[in-house]
Amino acid sequence: MSTDSQSSAKGKNEILNRHNDAAANVVPETVQLYIGGQWMESASGETFETRDPTTGQTLATPQAGNSTDIDRAVDAAWKVYDETWSGYSPADRQQILNTIADRVDENAEDFATLETLDNGKPISEARIDMKLVADHFRYFAGATRINEGMTLPSDDRRHVQTLREPFGVVGQIIPWNFPLLMAAWKLAPALAVGNAVVLKPAEETPLTVLKLMHEIDDVLPDGVVNVVTGFGTEAGEPLTAHEGIRKVAFTGSTEVGREVMKNAAENITNITLELGGKSPLIVYPDADLDRAVQTTITAIFFNTGECCCAGSRLFLHAEIKDEFLTKLAKAAENLTVDDPLLESTQLGPKVTEEQVTRTMDYIDEARKAGAEFVTGGERPDDEALAEGCFVTPTLIDNIDHDNRAVQEEIFGPVQEVFEWTDYNEMIDLANDVDYGLAAGVITSDLTEAHRAARDLEAGNIWINQYNDFPAGQPFGGYKQSGIGRETAFEAVEHYTQTKTINMALD
Ligand code: NAD
């Protein structure tokens with residue numbers, strides 16, 4: 001055996017041992033469906049495997065729920081809603097949400113480790129997620145107290161007022177890229193205003209949501225949150241078309257969002273959709289280039305590029321393009337691509353081998369079209385990472401803006417670069433995609449920054465930074481990136497319906 005292969009075998013074994021030890025500590029013993037406060041098997045008895053994308057090993061075997069399980073969960077949710085939950089005061093709900101936040105904080109390191117094992121994100125980024133999860137529950141704990149109706153101006157014949165009432169039972173479907181954070185974005189506002197919930201996690205990453213239910217089992221009345229794990233068509237679709245579900249909140253791809261919308265139409269069910277993106281990041285010639293390079297690295301490589309709002313189309317002004325791209329390529333090549341459980345790792349594996357194939361298909365398409373690969377576009381050649389779903393940080397130049405790799409969401413560590421000189425042409429191109437989730441502007445000229453912010457068709461604009469989403473700041477998309485806003489008070493409005501009460505005074 002050569003020295004190289006000995007050291008790679010050693011590296012591979014080290015990773016395997018580290019992951020096995022971590023999994024033994026943090027994977028919940030019970031990964032069944034959580035319905036009416038009970039852990040149970042799926043009606044069909046079927047299960048599926050969730051794998052560690054770093055090692056390829058099976059982490060756990062959760063239940064594959066189906067429409068019967070969704071029926072059970074909806075019944076359990078209505079039962080507790082009708083019997084007790086709808087009578088809880090805002091103060092009671094505030095206390096509950098604050099306790100959930102405390103439990104997340106108390107177990108933050110275990111949650112972060114489990115998220116890294118199940119999703120592959122670097123542990124340093126998983127820790128950021130957990131801080132945001134706790135903060136979202138605290139933000140919406142506060143919101144329980146200000147879900148106010150109005151007394152309306154009227155004449156002396158009538159007294160008119162409005163109430164903001166919960167829907168009753170709501171369905172929530174989440175993706176795999178920020179598993180626990182997406183659950184928090186949905187659960188916290190829904191519970192804050194008194195809904196009961198049936199939640200379906202992504203089949204790729206169900207474990208942190210199941211762990212959350214273990215940690216808060218004694219905090220919530222049985223049935224207020226029900227978790228049905230399983231696949232999209234078997235467990236997700238019945239939830240979106242269920243007549244007992246009064247509102248559906250979905251986060252995922254635009255393609256599935258379209259299906260959700262059609263199914264929700266069956267019962268005219270209220271929906272919010274948080275969908276995909278293909279966001280532009282614009283760099284002006286007056287930018288501080290070193291800082292702009294760091295912002296660009298965050299924009300595209302944070303969470304391994306598996307970020308709905310990733311700044312995946314980079315618009316560089318002609319005056320700085322060459323210098324900027326040289327610096328950016330160097331910074332991308334210097335990113336540490338390694339075992340995500342290591343503190344030093346900056347880019348982990350993608351979530352599944354299927355997602356690697358999807359990313360590599362886009363890369364191949366760009367290559368065939370004659371695009372120039374400034375860096376990356378491959379799987380790493382480190383043998384120790386061979387079992388993992390890794391893709392190197394990739395920058396693509398000289399690609400047509402109509403190419404499928406530019407128009408569609410790759411959802412990986414891949415950024416396409418464009419040169420601009422004329423402002424209006426650049427803005428037209430920046431807006432020339434079906435999506436409108438986010439955009440970034442990097443310049444020291446604040447007038448220009450505000451002009452671009454107004455002209456960009458996107459729900460979230462970052463100026464001189466990227467990927468910053470604290471609780472309290474509305475997040476959501478224009479165009480095919482979605483309907484509605486999360487992470488802020490608007491979400492409270494989305495989880496309530498207005499009742500008008502008009503009383504005669506004569
Ligand atoms: P996906 O659309 O494939 O799946 C999302 C969820 O929908 C999963 O739980 C899946 O099981 C379920 N599902 C699949 N088919 C379904 C159906 N027919 N009916 C009901 N549910 C169904 O998305 P994904 O690959 O898990 O996640 C990546 C996508 O999520 C990306 O497009 C990303 O941009 C998007 N996303 C958006 C936001 C946002 O806030 N806008 C945030 C995170 C992720």
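Both counts, for ligands and for their atoms, begin at 1 and track the order of listing.
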Q.
For ligand 1 and Lys200, I'd like to know whether there is a polar contact (N/O to N/O, distance under 3.5 Å).
A. yes
Q) Is the closest N or O pair between Ser253 and ligand 1 shorter than 3.5 Å? A) yes
(Q) Out of all atoms in ligand 1, which are within 4.0 Å of some heavy atom of Glu409? Include the element for each. (A) 31 (C), 32 (O), 33 (C), 34 (O)
Q. Is there at least one pair of N or O atoms, one from Glu203 and one from ligand 1, spaced under 3.5 Å apart?
A. yes
Q: Around atom 14 (C) of ligand 1, find the nearest protein heavy atom and jot down its residue, atom name and distance.
A: Gly232 CA, 3.4 Å
Q. Can you list the ligand 1 atoms lying under 4.0 Å from a non-hydrogen atom of Phe475?
A. 39 (C), 40 (O)
Q | Option passing side-chain contact (heavy atoms from CB on, under 4.5 Å) with Thr295 (candidates Asn467, Asn464, Ile442) | A | Ile442
Q: Verify the distance criterion only: is there a donor paired with an acceptor across the side chains of Glu115 and Thr208 at less than 3.5 Å?
A: yes
Q.
Below 30° counts as parallel, above 60° as perpendicular, anything between as tilted: where do the rings of His401 and Phe315 land?
A. tilted
Q: Write out the residue and atom name of the closest protein heavy atom to atom 26 (O) of ligand 1, then the distance separating them to 0.1 Å.
A: Trp176 CD1, 2.9 Å
**Q.** Nearest candidate to atom 35 (C) of ligand 1, where distance is taken over non-hydrogen atoms, out of Gly276, Gly484, Gly252
**A.** Gly252
(Q) Classify the ring geometry of Trp462 against Phe475: parallel below 30°, tilted from 30° to 60°, perpendicular beyond 60°. (A) tilted
Q) When only distance counts, is Ser481 in polar contact with ligand 1, meaning an N/O pair under 3.5 Å? A) no
**Q.** Min N/O separation Pro175 to ligand 1 under 3.5 Å
**A.** no
Q.
Side chain, backbone, both or neither: which applies to Met182 and ligand 1 if a contact is any heavy-atom pair less than 4.0 Å apart?
A. side chain
Q: Establish, from distance only, whether the side-chain atoms of Gln480 and Arg258 form a donor-acceptor pair under 3.5 Å.
A: yes
Q.
I need the nearest protein heavy-atom contact for atom 42 (C) of ligand 1: residue, atom name and distance, please.
A. Cys308 SG, 3.0 Å
Q. Is Glu457 paired with Lys479 through a side-chain N to carboxylate O contact shorter than 4.0 Å?
A. yes
Q.
Among all the protein's non-hydrogen atoms, which is closest to atom 5 (C) of ligand 1, and how far away is it?
A. Thr251 O, 3.8 Å
Q | Distance-only side-chain donor-acceptor flag, Gln63 / Thr229, under 3.5 Å | A | no
Q. In the protein, what heavy atom is nearest to atom 9 (O) of ligand 1, and what distance, to one decimal place, separates them?
A. Ile174 O, 2.8 Å
Q: Indicate, as side chain, backbone, both or neither, the part of Val256 found under 4.0 angstrom from ligand 1 when only non-hydrogen atoms are considered.
A: side chain
Q. Is the shortest distance from atom 19 (N) of ligand 1 to a protein heavy atom below 4.0 Å?
A. yes
Q.
Checking a contact table here: which protein heavy atom is nearest atom 28 (C) of ligand 1, and how many Å away?
A. Phe411 CE2, 3.5 Å
Q: Report yes or no: do Asp71 and His242 form a side-chain donor-acceptor pair below 3.5 Å?
A: yes
Q: Taking atom types as modelled, find out whether Asn270 and His494 have a side-chain donor-acceptor pair closer than 3.5 angstrom.
A: no
(Q) Can you see whether Thr50 engages Asp118 through a side-chain donor-acceptor pair at a distance of less than 3.5 angstrom? (A) yes
Q | Residue, atom name and distance, where the atom is the protein heavy atom closest to atom 44 (C) of ligand 1 | A | Asn177 ND2, 3.3 Å
Q) side-chain contact (heavy atoms from CB on, under 4.5 Å) between Leu212 and Phe111: does it pass, once the steps are laid out? A) CA-CA 8 Å; Leu212 179 70; Phe111 272 119; 4.1 Å; yes
Q. With atoms numbered from 1 as shown, which atoms in ligand 1 lie under 4.0 angstrom from a non-hydrogen atom of Gly236?
A. 19 (N), 20 (C), 21 (N)
Q) Does the pair Thr251 and Lys186 meet the rule for a side-chain hydrogen bond (donor to acceptor under 3.5 Å, both in side chains), with working shown? A) CA-CA 9 Å; Thr251 298; Lys186 296 217 172 337; 2.6 Å; yes
Q. Where does the angle between the aromatic ring planes of Tyr34 and Trp39 fall among parallel (under 30°), tilted (30 to 60°) and perpendicular (over 60°)?
A. tilted
Q | Minimum-distance protein heavy atom relative to atom 12 (C) of ligand 1 | A | Ile173 CG2, 3.6 Å
Q. Heavy-atom contact under 4.0 Å between Pro201 and ligand 1?
A. yes
Q.
Side chain, backbone, both or neither: which applies to Leu437 and ligand 1 if a contact is any heavy-atom pair less than 4.0 Å apart?
A. side chain
(Q) Using heavy atoms and a 4.0 Å limit, tell me yes or no: is Phe178 in contact with ligand 1? (A) no
Q: Decide whether Thr392 and Arg379 meet the rule of one side-chain donor and one side-chain acceptor closer than 3.5 Å.
A: no
